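Take a look at the structure below.
What you are looking at is a predicted structure, and each value in this text was computed from that prediction instead of being measured. By convention here, the first residue in the shown sequence is residue 1.
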Amino acid sequence: MEGPTGRSRISDRDLVDSVLRDLAEAADRWEALVAQAETVTYSADMGDIQAVANSDGKLVDLVLRPSVTTDYSHAELAERINTAFSALRAEVEDDYRARYGGELR
């Protein structure tokens with residue numbers, strides 16, 4: 001059926017079906033992006049300390065070589081671990097800028 005402008009009119013049901021299809025496709029794309037993001041990890045390897053975080057910022061692995069307990073004082077060890085965490089944050093920020101442009105909030 002044609003409307004007043006000469007274009008074919010779409011029924012309400014067809015319009016709803018079209019919107020639902022678009023929403024389903026958008027949801028599928030979003031799920032794929034989330035699944036991909038879940039596989040992304042960031043790592044910092046300082047030799048005697050290795051740290052790995054996932055894309056949510058959760059620390060998923062921290063390996064300390066046995067020698068860290070004898071080679072460093074408590075304050076030095078804390079500083080090295082914080083340095084590893086800073087390196088992870090820098091890696092995440094660089095990746096975010098490369099993927100999305102702009103700064104993390």
Side-chain angles (χ1 to χ4, degrees):
M1 174 187 292
E2 289 191 13
T5 60
R7 293 189 212 155
S8 295
R9 281 186 27 186
I10 186 168
S11 73
D12 289 343
R13 179 68 184 161
D14 290 339
L15 180 60
V16 169
D17 288 345
S18 174
V19 169
L20 289 176
R21 267 192 312 276
D22 289 347
L23 289 173
E25 290 170 5
D28 290 344
R29 288 191 303 272
W30 182 252
E31 286 178 10
L33 285 172
V34 169
Q36 179 187 11
E38 289 174 346
T39 65
V40 174
T41 59
Y42 305 95
S43 62
D45 186 348
M46 299 174 60
D48 53 356
I49 297 173
Q50 298 165 343
V52 179
N54 66 11
S55 60
D56 289 334
K58 180 180 176 184
L59 184 65
V60 294
D61 195 22
L62 178 63
V63 176
L64 305 176
R65 298 286 177 239
S67 62
V68 299
T69 59
T70 57
D71 292 348
Y72 304 111
S73 69
H74 175 76
E76 291 170 330
L77 180 56
E79 184 177 326
R80 286 196 50 83
I81 290 173
N82 284 330
T83 300
F85 293 161
S86 293
L88 284 173
R89 179 159 180 84
E91 186 176 345
V92 169
E93 288 173 344
D94 290 345
D95 183 56
Y96 186 89
R97 274 191 292 278
R99 286 178 191 257
Y100 308 108
E103 299 296 318
L104 285 173
R105 295 183 209 177

Quick one: closest heavy-atom pair of [X] and [Y], and the distance?
| X | Y | value |
| --- | --- | --- |
| L59 | V52 | CD1-O, 3.3 Å |
| V92 | Y42 | CG2-CD1, 3.4 Å |
| A84 | A51 | CB-CB, 4.4 Å |

Starting at CD of E91, measure out to OG1 of T41 and round the result to the nearest 0.5 Å.
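Rounded to the nearest 0.5 Å, the CD-OG1 separation comes out at 8.0 Å.
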
Between E93 and L88, is there a side-chain heavy-atom distance shorter than 4.5 Å?
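No. Closest side-chain heavy atoms not under 4.5 Å.
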
Only pairs under 3.5 Å count here: list side-chain donor-acceptor contacts from residues 66-83, not counting sequence neighbours, and write none if there are none.
| unit_1 | atom_1 | unit_2 | atom_2 | d |
| --- | --- | --- | --- | --- |
| T69 | OG1 | P66 | O | 2.9 |
| T70 | OG1 | S67 | O | 3.2 |
| Y72 | OH | D48 | OD2 | 2.5 |
| Y72 | OH | R80 | NE | 3.1 |
| S73 | OG | E76 | N | 3.2 |
| S73 | OG | E76 | OE1 | 3.4 |
| E76 | OE1 | S73 | N | 2.8 |
| R80 | NH2 | M46 | O | 3.3 |
| R80 | NH2 | D48 | OD1 | 2.6 |
| N82 | ND2 | A78 | O | 3.2 |
| T83 | OG1 | E79 | O | 2.8 |

Looking at residues at least two apart in the chain, or sitting in another chain, which of them share a side chain to side chain contact (heavy atoms under 4.5 Å, CB included) with S11?
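Result, side chain to side chain contact (heavy atoms under 4.5 Å, CB included) vs S11: R13, D14.
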
V34/E31 under side-chain contact (heavy atoms from CB on, under 4.5 Å): CA gap, chis, key distance, verdict
CA-CA 5 Å; V34 169; E31 286 178 10; 5.7 Å; no

With clusters defined by side-chain heavy atoms of hydrophobic residues (ILVMFWY) lying less than 4.5 Å apart, directly or transitively, does F85 cluster with V40?
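Yes; F85 is reachable from V40 via cluster members.
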
Report all side-chain donor-acceptor pairs from residues 18-26 shorter than 3.5 Å, counting only partners two or more places apart or in another chain.
none

